[in-house]
Amino acid sequence: MSSLRIGAVSYLNTKPLVYGLEQLLPSAQLIYDLPSRLADDLAAGQLDVALVPTVEVFQDPSYKVVSDACIACRGPVLSVSLLSRCRREEIRSLALDEGSRTSVALVQILLREQYGVIPSLLPLPIGSQAQEVDADAVLIIGDRAIHAAQDGFVEAWDLGEEWCRWSGLPFVFAMWTARGGLDVDLEPLKEALETARDDGLANLASIARQEAGTLGLNQQQCLAYLRDNLHFSLGEKEREGLELFRQYAGTGILGMEAAE
C-alpha cells in the first residue's frame, strides 16, 4: 500500500468516500482531480487506483473494480443536469462538460432511446459557463451543476432522475478501479475504501458542516444532497443498472469522450 497512487474526484459528492482515507492509508499518495483527468491518468499508468467514470471500466477489460464503495443514485442526483434551450425532441446540438465521461454517455443514451435524438456534439470547457456556449442544450456535472444559473434555458433535466424513471434501476456514476497489471494485494485497499465510506456515511452532518459555504450551499443543503441524492454502495440493483448502462453504452454511436 505504501507505493499506491490513488486518484479521487474533487467534488462534494466524493467527500463521504474519502473520509479519513489519508489516515487509513497513510503511506499512499492521494491525488484529487476531475473524473475525466483521473481516467486519463489511470489509463496512462500515472495512477494505480482511481475513482473513475463507470464507462471507463467498460472500455478496458484489464481494469478491476476494487470496492463496493461507489457514487450512485436511486433518483434525482442534483449534480448531473441537462440544460436545454428547446424541447428535448428538438435538440440538435449538445455541449458536453469536459469533466465528465459517464454522464456524457448517459445523456446521449437518454436522448437517443427516448426521443430518437442524436445531436451534434460540442465541448463545454472546464471553467466555462453553460450560457457561453452556442448549443441547443448543455450537459453540466459536479459542484457547478448543483445550483447552475438557468438563464436562457427553458428546461433543466436531472439525468439521475431520468435514468431511474426510464430504466427502473439505480445509476452508478463512478467506481474505485485499479489499472491493469497492478501487482498488489488489493484486499487491504478494499477494506480501507469501504471503511472510509462507512465512516463518511456515519459523519455526513460533520462533512456538511465543513463543506457548507464553499459551493454556495448552507449546511442543511449539503447534508440533504449527500444523504438524499446520493448512494454510495454497489448493491444488486446497482449492478443491474450498471449492466443495462453497459449494454447501451456499447452500441458504438456515442460521441466525444464517451466511447473512448
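Hydrogens, waters and symmetry mates play no part in the numbers below; they use all other heavy atoms, side chains included. If you're wondering where the values come from, they're calculated on a predicted model, not measured in any experiment.
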Going through the distances and angles, do Arg88 and Glu155 end up as a salt bridge (Lys or Arg N to Asp or Glu O under 4.0 Å)? CA-CA 9 Å; Arg88 300 170 195 174; Glu155 188 174 24; 2.7 Å; yes
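- Between the side chain of Thr54 and the main chain of Ala174, no donor-acceptor pair closer than 3.5 Å is present.
- Under the ring-ring contact (aromatic ring centres under 6.0 Å, His included) criterion, Tyr63 pairs with no residue at all, not counting sequence neighbours.
- Residues meeting the salt bridge (Lys or Arg N to Asp or Glu O under 4.0 Å) test with Glu243, sequence neighbours left out: Arg246.
- Listed by chain and number, the residues in a ring-ring contact (aromatic ring centres under 6.0 Å, His included) with Phe171 are Trp163, Phe173, Phe245 (sequence neighbours excluded).
- Among pairs with a residue in residues 115-139, none fulfils salt bridge (Lys or Arg N to Asp or Glu O under 4.0 Å), at least two apart in sequence or across chains.
- Side-chain contact between Ile146 and Leu217 is present, with heavy atoms from C-beta onward closer than 4.5 Å.
- In terms of the salt bridge (Lys or Arg N to Asp or Glu O under 4.0 Å) criterion, residue partners of Glu240 (sequence neighbours excluded) are, by chain and number, Lys237.
- Within the 4.5 Å cutoff, side-chain heavy atoms of Pro16 are placed close to those of Ile207.
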Can Thr177 and Val49 be said to form a side chain to side chain contact (heavy atoms under 4.5 Å, CB included), step by step? CA-CA 5 Å; Thr177 304; Val49 176; over 6 Å; no
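- Put simply, the side chain of Ser120 gets close to the backbone of Arg92: a donor and an acceptor are under 3.5 Å apart.
- With sequence neighbours left out, the side chain to side chain contact (heavy atoms under 4.5 Å, CB included) criterion links Asp33 to Arg37, Leu38.
- Here the CD1-CD1 distance, from Ile31 to Ile6, works out to 9.0 Å after rounding to the nearest 0.5 Å.
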From CA spacing to verdict: side chain to side chain contact (heavy atoms under 4.5 Å, CB included), Leu159, Val77: CA-CA 7 Å; Leu159 296 189; Val77 70; 5.7 Å; no
Quick one: do Arg101 and Ser36 satisfy side chain to side chain contact (heavy atoms under 4.5 Å, CB included)? Show the steps, please. CA-CA 6 Å; Arg101 292 199 177 160; Ser36 58; 3.8 Å; yes
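- In Lys190, the NZ atom is crowded: over 12 heavy atoms of neighbouring residues, nucleotides or ligands sit closer than 6.0 Å.
- Going from atom CG of Asp199 over to atom CG of Leu21 covers 10.5 Å, rounded to the nearest 0.5 Å.
- The CG atom of Leu83 sits 7.5 Å away from atom CD of Gln131, with the distance rounded to the nearest 0.5 Å.
- Listed here is the closest heavy atom pair of Val57 and Met175: CG2-CE, 3.8 Å.
- Looking at Leu193 and Leu17, their side chains never come closer than 4.5 Å, going by heavy atoms from C-beta outward.
- The distance from atom CG of Leu201 to atom CG of Leu230, rounded to the nearest 0.5 Å, is 10.0 Å.
- Put simply, the side chain of Leu82 does not reach to within 4.5 Å of the side chain of Val138, judged on heavy atoms.
- For the pair Val117 and Glu89, the tightest heavy-atom approach, listed with the atom from each and the gap, is CG2-O, 3.6 Å.
- In this view, Asp48 and Leu4, Arg5, Arg179, Leu182 satisfy the side chain to side chain contact (heavy atoms under 4.5 Å, CB included) rule, not counting sequence neighbours.
- Applying the salt bridge (Lys or Arg N to Asp or Glu O under 4.0 Å) definition to pairs two or more places apart or across chains, those involving residues 66-81 are Asp68-Arg197, Arg74-Glu238.
- Atom-to-atom distance recorded for Asp40:CG and Glu56:CD is 7.0 Å, nearest 0.5 angstrom.
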Side chain to side chain contact (heavy atoms under 4.5 Å, CB included) assessment of Ile141 paired with Tyr11: CA-CA 10 Å; Ile141 71 161; Tyr11 294 146; 3.8 Å; yes
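- Across all their heavy atoms, Ala8 and Leu51 have their closest contact at CA-CB, 4.5 Å.
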Compile the donor-acceptor pairs under 3.5 Å between side chains in residues 222-229 and protein atoms, sequence neighbours left out, one pair per line.
| from | atom 1 | to | atom 2 | distance (Å) |
| --- | --- | --- | --- | --- |
| Tyr225 | OH | Ser79 | OG | 2.7 |
| Asn229 | ND2 | Pro76 | O | 2.9 |

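- Gln114 is linked by a side chain to side chain contact (heavy atoms under 4.5 Å, CB included) to Leu110, Trp157, Glu162, Arg165, Trp166, counting only residues two or more places apart in sequence or in another chain.
- A search for side chain to side chain donor-acceptor pair (under 3.5 Å) contacts involving Asn13 returns nothing, not counting sequence neighbours.
- The minimum heavy-atom distance linking Leu139 with Leu94 is given by the pair N-CD1, 4.2 Å.
- Side-chain atoms of Val52 and Trp176, non-hydrogen and from C-beta on, never get closer than 4.5 Å to each other.
- Asp97 pairs with exactly one of Val104, Val80, Ile140 by the side-chain contact (heavy atoms from CB on, under 4.5 Å) rule, that one being Ile140.
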Give the C-alpha distance, both sets of side-chain angles, the deciding distance and a yes or no for salt bridge (Lys or Arg N to Asp or Glu O under 4.0 Å) between Glu236 and Arg239. CA-CA 5 Å; Glu236 180 180 350; Arg239 294 180 189 278; over 6 Å; no
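- Counting only heavy atoms from C-beta outward, the side chains of Ser10 and Leu34 approach each other to under 4.5 Å.
- Looking at residues two or more places apart in sequence or on another chain, you find a side chain to side chain contact (heavy atoms under 4.5 Å, CB included) between Glu22 and Leu30.
- Nearest heavy-atom pair, Leu124 versus Ser128, reported as atom, atom and distance to 0.1 Å: CD1-CB, 3.9 Å.
- Between Tyr248 and Leu106, every side-chain heavy-atom pair lies at or beyond the 4.5 Å cut-off.
- Formation of a donor-acceptor pair under 3.5 Å by the Thr102 side chain with backbone atoms of Val55 is found in this model.
- The backbone N or O of Ala69 lies less than 3.5 Å from a partner atom in the side chain of Ser67, making a donor-acceptor pair.
- The shortest non-hydrogen separation linking Glu98 to Pro125 is OE1-CA, 3.4 Å.
- No donor-acceptor pair under 3.5 Å is formed between the side chain of Asn203 and the backbone N or O of Ser206.
- Without hydrogens or angle criteria, Glu211 side chain to Ala208 main chain gives no donor-acceptor distance under 3.5 Å.
- Taking 4.5 Å as the limit, some side-chain heavy atom of Cys86 sits within range of a side-chain heavy atom of Ile91.
- Listed for the Ser233 side chain is no donor-acceptor partner under 3.5 Å among the backbone atoms of Gly235.
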